Amino acid sequence: MSHLSLGLAGLGVVGAKTAELLMSQADIWQQKTGKKLTLTAVSARDRTKDRGIDLSGVDFEEDPVALAHRGDIDVVIELIGGSEGPARALVEAALASGKHVVTANKALIAHHGQELAKLAEQHGVQLFFEAAVAGGIPALKVLREGLAANHISRVTGILNGTCNYILTEMTQTGRDFGDVLAEAQAKGFAEADPSFDVDGVDAAHKLAILAALAYGEQIDFSSVNISGIRSITGTDIAYAGELGYVIKLLGIAERSGIRSVQPCLIAHNDQLAKIDGALNAVAFEAEPVQTVLTTGPGAGAGQTSSAVLADVLDIATGRGGLPFGRFVDTLGPSAHVPHDPEERRYYLRAMVPDRAGILSAITSILKDKDISVESMLQRGQSEDAPVALVMTLHPARADAVLAACDVLTASDFINGSVLALPILDRIERH
Ligand SMILES: NC(=O)c1ccc[n+]([C@@H]2O[C@H](COP(=O)([O-])OP(=O)(O)OC[C@H]3O[C@@H](n4cnc5c(N)ncnc54)[C@H](OP(=O)(O)O)[C@@H]3O)[C@@H](O)[C@H]2O)c1
């Protein structure tokens, strides 16, 4: 009977669950693949830590890169994380040693995916990273396999569960960002250092990978315009709601070159507006299939292991494929544009003192950039504290709106930064 020997580096949230499922369901993997899958060796920092699984029959390597050099391992599963350091060294060494690699590491793929895919091609092995994008949702399989015959025009994703959880809580309870973040950290939904999540970097890693697969282009993480959710206040959520919208952190990659991760207003009855809590979603607009929406859990031990194991089973059954759906040398340059070239409506919020003349000063700055105001909301009065002035703008280009925001933010009659968010009235229709 044929046999597949696995080496697993990283026994944290995802690694420990993956090891447990590999060992406890060995019979099922054998029925599905015709191969006996054996976890031969593992690596982590601390050999003695109790991980709730019995690893007594499994070798332990102090140095994860040693897994790449063992002659008795066929597949290396990298679940350490990080774009550099041991994760990168292990994956490079494993591919160069002719071993297949499965990883959940979005940072590594977003920064080095192309070189790694090339290395895999050169050595005739597989490199799979389904778990790197949207956790438990098989979004890359949908794109690479199910939609292989389609011409993709836009990918829109809710790609970070922590941000979606925070924005959903803010929407449903009226609480502010800091308050909800602190609670999410206490409950273990958000990292102690939440910056990768709330500043949009994690979602941008995933978006860069999706764009490369969707458009057959080289991964260019630096091309993604990123803004996170720290500046969103309970007031913004409330005003957006009054206008008929919800605020979501969306990753958008269009064939025309838009690569952005930013909070956006979307109509409350849009399908993506209903993706709440820690759920993720990825919508593909494609020809001839039209719109395909995938949704599910974007993180978690079992959810992420589900995607890791699917990749392992593909390797075991010989269901191969190229990591980016085509040979690396045929990937074109990233088609990104610096700013969204389309004219869109915008939501604008400024904190201003409650006194005469402010409104005309703001509209005059907007007019200088050819931007006109569609509607205005201001509630509450205070002689001491600034109040929120909210406007919606008639369709304008992103570069003009950003330039106007810079001038407004620098002016002496505005407190703090001016927030501008695109209003996406139709995001899923072809
Ligand atoms: N958590 C999720 O829900 C999720 C979802 C999607 C993708 N991912 C990705 O999955 C990967 C793993 O995430 P995670 O949440 O499981 O991380 P984690 O809980 O922090 O676990 C990381 C593991 O790597 C080990 N490690 C760190 N440095 C090492 C080194 N130098 N040598 C050997 N082992 C080392 C740690 O060992 P010790 O345990 O001994 O410290 C730990 O077991 C990351 O790429 C992440 O982006 C995670």
Side-chain angles (χ1 to χ4, degrees), residues 7-21 39 41-53 55 58-68 76-91 93-94 101-113 116 127-140 157-165 184 187-197 201-206 208-210 221 277-280 282 296-312:
L8 168 58
L11 291 170
V13 174
V14 185
K17 186 68 183 173
T18 301
E20 182 217 309
L21 291 171
L39 183 59
V42 295
S43 178
R45 269 180 305 214
D46 182 354
R47 178 195 282 263
T48 61
K49 200 188 272 184
D50 178 9
R51 307 186 187 265
I53 42 174
L55 291 168
V58 181
D59 291 353
F60 189 94
E61 297 286 357
E62 298 290 342
D63 177 5
V65 181
L67 297 173
V76 165
I77 305 171
E78 183 279 305
L79 298 172
I80 296 174
S83 62
E84 306 299 332
R88 184 180 177 190
L90 169 61
V91 171
V101 170
V102 173
T103 177
N105 191 334
K106 51 226 140 182
L108 177 72
I109 299 300
H111 287 282
H112 306 295
L116 296 173
L127 166 66
F128 285 142
F129 40 83
E130 182 60 62
V133 175
I137 308 174
L140 301 185
I158 293 176
L159 298 171
N160 185 272
T162 304
C163 288
N164 206 42
Y165 171 83
K187 287 182 173 173
F189 298 157
E191 302 280 339
D193 176 1
S195 34
F196 254 45
D197 289 322
V201 178
D202 174 82
H205 284 148
K206 297 166 187 169
I209 297 170
L210 283 166
F221 173 68
L279 285 179
N280 280 198
V282 189
Q303 293 77 359
T304 311
S305 305
S306 153
V308 170
L309 288 167
D311 283 347
V312 172

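One-based numbering, in listed order, for ligands and for the atoms of each. Computed from heavy atoms alone, side chains included, the values below leave out hydrogens, waters and symmetry copies. Just so it is clear, the structure is predicted and the values come from calculations on it, not from any experiment.
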Report yes if some heavy atom in the side chain of T162 is under 4.5 Å from a heavy atom in the side chain of N164; otherwise report no. no
List the closest protein heavy-atom neighbour of atom 45 (O) of ligand 1: residue, atom name, distance to the nearest 0.1 Å. G81 CA, 3.2 Å
Closest contact, heavy atoms only, A307 versus G135: CB-O, 3.4 Å
Check each heavy atom of A299 against ligand 1 and say whether those closer than 4.0 Å belong to the side chain, the backbone, both or neither. both
For atom 10 (O) of ligand 1, what's the nearest protein heavy-atom neighbour? Residue, atom name and distance, please. A104 CB, 3.5 Å
A131 heavy atoms within 4.0 Å reach ligand 1 at atoms 6 (C), 7 (C)
Going by heavy atoms, is G300 under 4.0 Å from ligand 1? yes
Salt bridge (Lys or Arg N to Asp or Glu O under 4.0 Å) filter on D202, not counting sequence neighbours, yields K106, K206
So which protein heavy atom does atom 26 (N) of ligand 1 come closest to, and at what separation? I80 CG2, 3.8 Å
Between D193 and S195, what is the shortest heavy-atom contact and its length? OD1-OG, 2.5 Å
Look only at interatomic distance and state if S43 has a nitrogen or oxygen under 3.5 Å from any nitrogen or oxygen of ligand 1. no
So the atoms of ligand 1 within less than 4.0 Å of a heavy atom of P64 turn out to be 32 (N), 33 (C)
What protein heavy atom sits nearest atom 47 (O) of ligand 1, and how far away is it? K106 CE, 3.1 Å
Answer with side chain, backbone, both or neither: which part of K49 has a heavy atom less than 4.0 angstrom from an atom of ligand 1? side chain
Across all chains, not counting sequence neighbours, the ring-ring contact (aromatic ring centres under 6.0 Å, His included) partners of F221 are H111, H205
Consider ligand 1: state whether an atom of it lies below 4.0 angstrom from any non-hydrogen atom of A9. no
With nothing but distance in play, are any N or O atoms of G82 less than 3.5 Å from an N or O of ligand 1? no
For ligand 1, note which part of A44 has a heavy atom under 4.0 Å away: side chain, backbone, both or neither. both
Under 3.5 Å, is there a donor-acceptor pair between the side chain of R51 and the main chain of L11? yes
With a 4.0 Å cut-off, strictly under, does atom 21 (O) of ligand 1 pick up any protein heavy atom? yes
Nearest to atom 5 (C) of ligand 1 by heavy atom, T304, V13, V308, T18: which? T304
Can you tell me how far CD of E61 sits from CG of L67, rounded to the nearest 0.5 angstrom? 5.5 Å
Give the numbers and elements of all ligand 1 atoms closer than 4.0 Å to a heavy atom of D46. 40 (O)
Work out which heavy atom in P64 is nearest to a heavy atom in L90; give both atom names and the distance. O-CD1, 3.2 Å
Any N or O of R45 closer than 3.5 Å to N or O of ligand 1: yes
How far apart are the closest heavy atoms of P297 and L279, and which atoms are they? N-CD2, 3.8 Å
E78 side chain to V101 main-chain N or O, any donor-acceptor pair under 3.5 Å? no
Among all the protein's non-hydrogen atoms, which is closest to atom 25 (C) of ligand 1, and how far away is it? G10 CA, 3.9 Å
If you measure from each heavy atom of R51 to ligand 1, is any distance below 4.0 Å? yes
If you measure from CG on L55 to CZ on F60, what distance do you get to the nearest 0.5 Å? 9.0 Å
Based purely on interatomic distance, does G135 place a nitrogen or oxygen under 3.5 Å from a nitrogen or oxygen of ligand 1? no
For L79, atoms of ligand 1 separated by under 4.0 Å from a heavy atom: 12 (C), 22 (C), 23 (C), 24 (O)
Measure the OG-CG distance between S306 and D311 for me, rounded to the nearest 0.5 Å. 10.0 Å
Quick note on ligand 1: atoms under 4.0 Å from a heavy atom of L11 include exactly 23 (C), 42 (C), 43 (O)
Return the minimal non-hydrogen interatomic distance between L108 and G82, and the atom names on each side. CB-O, 3.9 Å
Look at atom 42 (C) of ligand 1 and say which protein heavy atom is nearest, naming residue and atom and giving the distance to 0.1 Å. G12 N, 3.7 Å
Protein contact to atom 31 (N) of ligand 1 [nearest heavy atom, distance to 0.1 Å]: P86 CG, 3.4 Å
Would you mind checking which non-hydrogen protein atom is closest to atom 16 (O) of ligand 1, with the distance to 0.1 Å? V14 N, 2.9 Å
What heavy-atom pair brings L8 and G15 nearest, and what distance separates the two atoms? CD2-O, 3.5 Å
Could you tell me the separation between the CG atom of D197 and the CG atom of N160, rounded to the nearest 0.5 Å? 4.0 Å
